[in-house]
Amino acid sequence: MLSETTSQSNINSQIHSYDASSIEAKWQQRWREQGVDAACDDAEDLREKYYCLVMFPYPSGQLHMGHVRNYCLGDAVARYKRMQGFNVLHPMGWDAFGLPAENAAIKHGRPPAEWTYNNIDEMRRQLKRLGLSYDWSREIATCHPEYYRWEQWMFTKLLEKGLAYRKEAEVNWCGPCHTVLANEQVVDGCCWRCDTQVERKSLAQWFIRITDYAEELLAELDSLKGWPEKVVGMQRNWIGKSSGALIDFEIEGDYEPLKIYTTRPDTLMGVTYMAVAAGHPLAQQAAAKSTELAAFLEACSHVSTKEADMATMEKKGMFTGVYANHPVTGAAIPVWVANFVLMTYGTGAVMSVPAHDQRDFEFAQKYGLPIKQVIGKPAGDWDGTAAMTDSGLLMQSGLFDGLHSEAAKQTIITHLEAQGKGCEKVQYRLRDWLVSRQRYWGAPIPVLYCDACGVVAEKEENLPVRLPEDLQPTGGSSPLTQCDEFVHAICPHCGGAAKRETDTFDTFMESSWYMARYSSSRDNATMLDRDAVSQWLPVDQYIGGVEHAVLHLLYARFYHKLMRDVGLFTREEGGDEPFKNLLTQGMVLKDGAKMSKSKGNTVDPNAIIAEFGADTARLFTMFAAPPEQDLEWNDSAVAGSRRFLNRVWRLVEKVVQISPSEAEAAANGAADVKLLKRHIHGTIQRVTHAFEHGFAFNVAIAALMELSNHLQAFKVGSDESVDVVFSHNEASVLREGVVSVLTMLAPFTPHFASECAERMGEGEMLVLKPWPVVDASALVQDEINLVVQIGGKKRGEVTVAKDAQQETVLAAVAADPLLNRWLEGMQMVKVVLVPGRLLNIVVKPA
RNA sequence: GCCGGGAUGGUGAAACUGGUAGACACGCCAGACUCAAAAUCUGGUGCCUUCAGUGGCGUGCCGGUUCGACUCCGGCUCCCGGUACCA
């Protein structure tokens with residue numbers, strides 16, 4: 001009884017459904033055998049190149065839905081471009097160095113290498129199960145010596161050019177991660193990985209001079225037309241260019257002159273006090289004479305970045321007892337210590353103009369300091385309740401009176417320059433990139449410390465400096481520091497004993513150039529093959545999460561320019577910028593929140609593939625939301641995506657069985673065929689448009705669903721039980737429609753579409769078939785339904801010739817009693833005809 | 001504060017350069033098939049009104065431009081992301 005029920009239900013589900021797992025395996029094997037996913041390096045290949053890249057994953061062990069979405073987007077683009085006749089490079093690899101591997105190693109007592117390689121194997125399997133069309137022959141893993149040796153080589157070049165250097169500096173230290181961090185990796189004063197508050201420590205570290213490239217990185221943002229404005233804006237803010245002046249204030253007594261940076265030299269004559277950071281030498285020096293001041297400085301140093309909830313923190317200060325001399329008037333100006341002045345920006349000291357700076361204003365009010373207006377308000381009088389920060393004409397400014405702010409800036413700077421008291425200065429917020437990390441699982445920094453020769457770079461023939469892969473981290477300092485075989489080395493300069501650097505590179509170093517390496521990933525003679533670079537770079541379409549807006553995406557732009565300037569390629573060969581177009585996809589949410597293990601709201605891609613098939617997982621992630629928007633996971637909508645595929649499957653079964661009759665179509669048949677043909681080509685137009693403009697795949701798939709609904713209803717209407725006879729013409733257009741749907745589904749659901757196409761007798765390689773082309777003649781309509789508005793409100797439609805003139809349309813309206821009644825007792829004031837769209841009759845009571 | 005994005009049915013979302021608001025899908029309701037259920041199929045589904053044809057209202061709020069505004073302009077409110085005592 002039970003078994004009977006089960007078998008019955010199996011039969012039924014077979015009738016309505018298809019077997020995803022067997023056909024997906026079948027097609028994956030065929031594509032692999034036929035090498036359809038490989039990019040062609042052959043110079044004789046005349047196809048235009050297209051480089052489609054998705055951000056490579058960190059091999060954490062399991063693919064999550066965010067990956068699935070990212071990679072399905074990239075795959076849809078790559079497959080579409082292949083069908084459009086491009087020679088597509090669509091590679092994949094592993095960002096394989098990093099902290100999680102060490103943490104896992106500590107937890108499991110096994111070396112990070114093993115964990116990493118196992119994860120890569122598992123994740124590669126998962127990617128293959130999704131049917132993603134990667135050229136696996138170019139796969140790279142950044143932890144492989146054949147990869148990082150070139151990064152080490154590059155670093156030695158940067159050392160030669162003075163673009164890399166070692167310096168003792170105040171740096172960000174994360175205790176739990178046991179390493180320093182770059183500025184970009186500190187978020188709200190906390191470590192970007194473990195979210196604990198970073199400490200400031202003075203340590204000798206390796207830096208790369210990204211600040212030398214600040215201007216170029218900023219200027220070329222304007223050329224990135226294919227990037228989201230948001231990301232461009234974030235990078236612009238991060239670089240933080242401002243222009244102003246450096247001004248020296250002489251200090252009375254035994255002090256160095258006080259150098260300040262200001263963007264408002266025009267307000268110089270309104271300075272009523274100076275403010276320096278607690279860490280400023282002048283403050284420290286003055287504190288030696290005042291216990292009270294020393295106590296205040298001590299208090300300031302304990303205000304952590306965290307509790308300093310910056311926006312609301314109270315402005316505090318104390319007079320140092322020191323006076324500065326105004327560089328123009330010579331007037332004595334009190335120097336204060338203020339907790340809002342940052343030692344890390346500008347010179348750690350500011351001139352305060354309370355009349356024209358809100359922060360200075362609040363401080364002056366609190367401590368009863370004078371406020372002197374030197375800029376006239378453009379309109380009306382200044383009420384003095386808040387700082388007046390607009391530009392305007394100078395007043396109370398002696399010889400500068402009457403100048404406009406903008407002119408005054410220049411005049412005052414020139415005046416100061418003449419007296420050696422100041423100069424023009426462009427300031428950036430960007431700091432040099434700190435690239436050394438006190439971690440084991442990373443690429444060794446190829447330098448040695450020799451007692452005789454000092455800091456020496458490893459020789460090129462000794463590269464790579466191999467990371468021993470069998471060490472076991474324990475949680476404290478890097479096991480490399482205890483590894484004698486690694487540490488004790490020979491100085492490449494004098495041949496004496498030397499110690500190796502045990503710090504490793506920031507893992508963002510590896511991800512900064514992988515896109516270039518894919519062009520020549522198997523080349524062991526050079527970092528980048530010049531021909532391969534000019535063949536493939538720049539990346540035409542880059543796809544990934546927005547969280548890398550000022551991390552990876554800034555570093556990669558920088559590194560690209562470094563590689564160019566080291567001479568690996570010219571600007572003609574590799575371009576100035578690595579990524580032409582950027583798509584930042586949204587997150588995958590469940591119950592309104594980002595999926596995470598801690599929240600317990602994850603959806604496992606394996607489970608979805610097992611239940612519905614890879615094609616359904618792909619289709620849903622592309623259909624549920626536009627790519628750059630967050631996607632809310634919805635289990636029943638996933639099932640709905642699968643239902644759509646089932647319907648197409650049954651449509652294919654039906655069309656395959658049609659044997660056209662010799663009888664000619666009925667009289668109205670011709671019109672039906674024409675309409676269907678218009679639907680088909682309208683859909684081709686819409687789907688192609690989606691691929692060419694913004695990748696609105698949700699709309700593209702909706703269009704395919706719509707067409708498939710039309711195809712199902714063709715000649716049958718809602719009653720499928722009717723035995724319909726198709727003429728040759730009808731059958732052929734129906735077939736054209738189904739093949740079009742399958743062809744356009746191929747980028748989204750490649751296995752399913754291929755299987756259906758094969759059943760239709762369309763041959764094996766749907767994925768290599770040309771993309772359908774719009775037949776413009778099919779879109780032409782002789783008669784159209786024209787919307788009729790009366791008084792701006794839609795009142796109905798009339799059927800008229802597509803190019804009908806106004807009189808004709810009005811006649812049609814008059815002939816329609818339902819429309820005409822709106823005109824009774826009314827006077828026509830105006831008639832607006834939008835050809836092909838609508839007619840609006842403006843009326844008023846007669 | 002500043003920069004960027006957003007607000008449309010019960011839900012995810014469509015709407016080309018101003019021209020039929022809600023395509024497509026999920027959910028829900030009803031029906032067909034079934035002993036029954038599942039699956040599948042069909043129909044309905046913005047809100048209010050009406051027996052019904054109809055009519056009115058409706059894209060966060062207020063105002064403007066226009067024959068016509070989700071779309072453009074001015075002024076707000078709220079939400080999301082980024083960033084910040086940056087001098």
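Below, each value reflects all heavy atoms present in this structure, side chains not excepted, and no hydrogens, waters or symmetry copies. Note that the structure is predicted; figures quoted are calculated from it, not measured. Within every chain, numbering begins at 1; the chains are lettered A, B, ... in the order of the sequence lines, protein sequences first and strands thereafter.
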Over 60° means perpendicular and under 30° means parallel, so tell me whether Phe249(A) and His326(A) are parallel, tilted or perpendicular. perpendicular
Between the side chains of Gln657(A) and Glu653(A), is a donor N or O closer than 3.5 angstrom to an acceptor N or O? no
Can you check the Lys230(A) NZ to U83(B) P distance for me, whole Å? 11 Å
Is there a donor-acceptor contact under 3.5 Å linking the side chains of Ser242(A) and Tyr428(A)? no
Is the phosphate of C86(B), meaning OP1 or OP2, less than 4.0 Å from a side-chain N or O of Asn237(A)? no
If the cut-off is 4.0 Å, is Arg643(A) near the phosphate of C26(B), judged by side-chain N/O to OP1 or OP2? yes
Residue met sooner reading RNA chain B from 5', once Glu229(A) and Ala703(A) are mapped to nucleotides: Glu229(A)
Does Arg359(A) place a side-chain N or O at less than 4.0 Å from the phosphate oxygens OP1/OP2 of G1(B)? no
Under 3.5 Å donor-acceptor pair, Arg837(A) side-chain atoms to C16(B) base atoms: yes
Using the closest heavy atom to pick a nucleotide of RNA chain B for each, name whichever of Glu797(A) or Gln629(A) lands nearer the 5' end. Gln629(A)
Could you check whether Gln789(A) gets within reach of a base, just the sugar-phosphate, or nothing at all, counting any heavy atom under 4.0 Å? base
Can you tell whether the side chains of Glu706(A) and Arg686(A) come within less than 4.0 Å, N to carboxylate O? yes
side-chain N/O Lys793(A) vs C57(B) OP1/OP2, d < 4.0 Å: yes
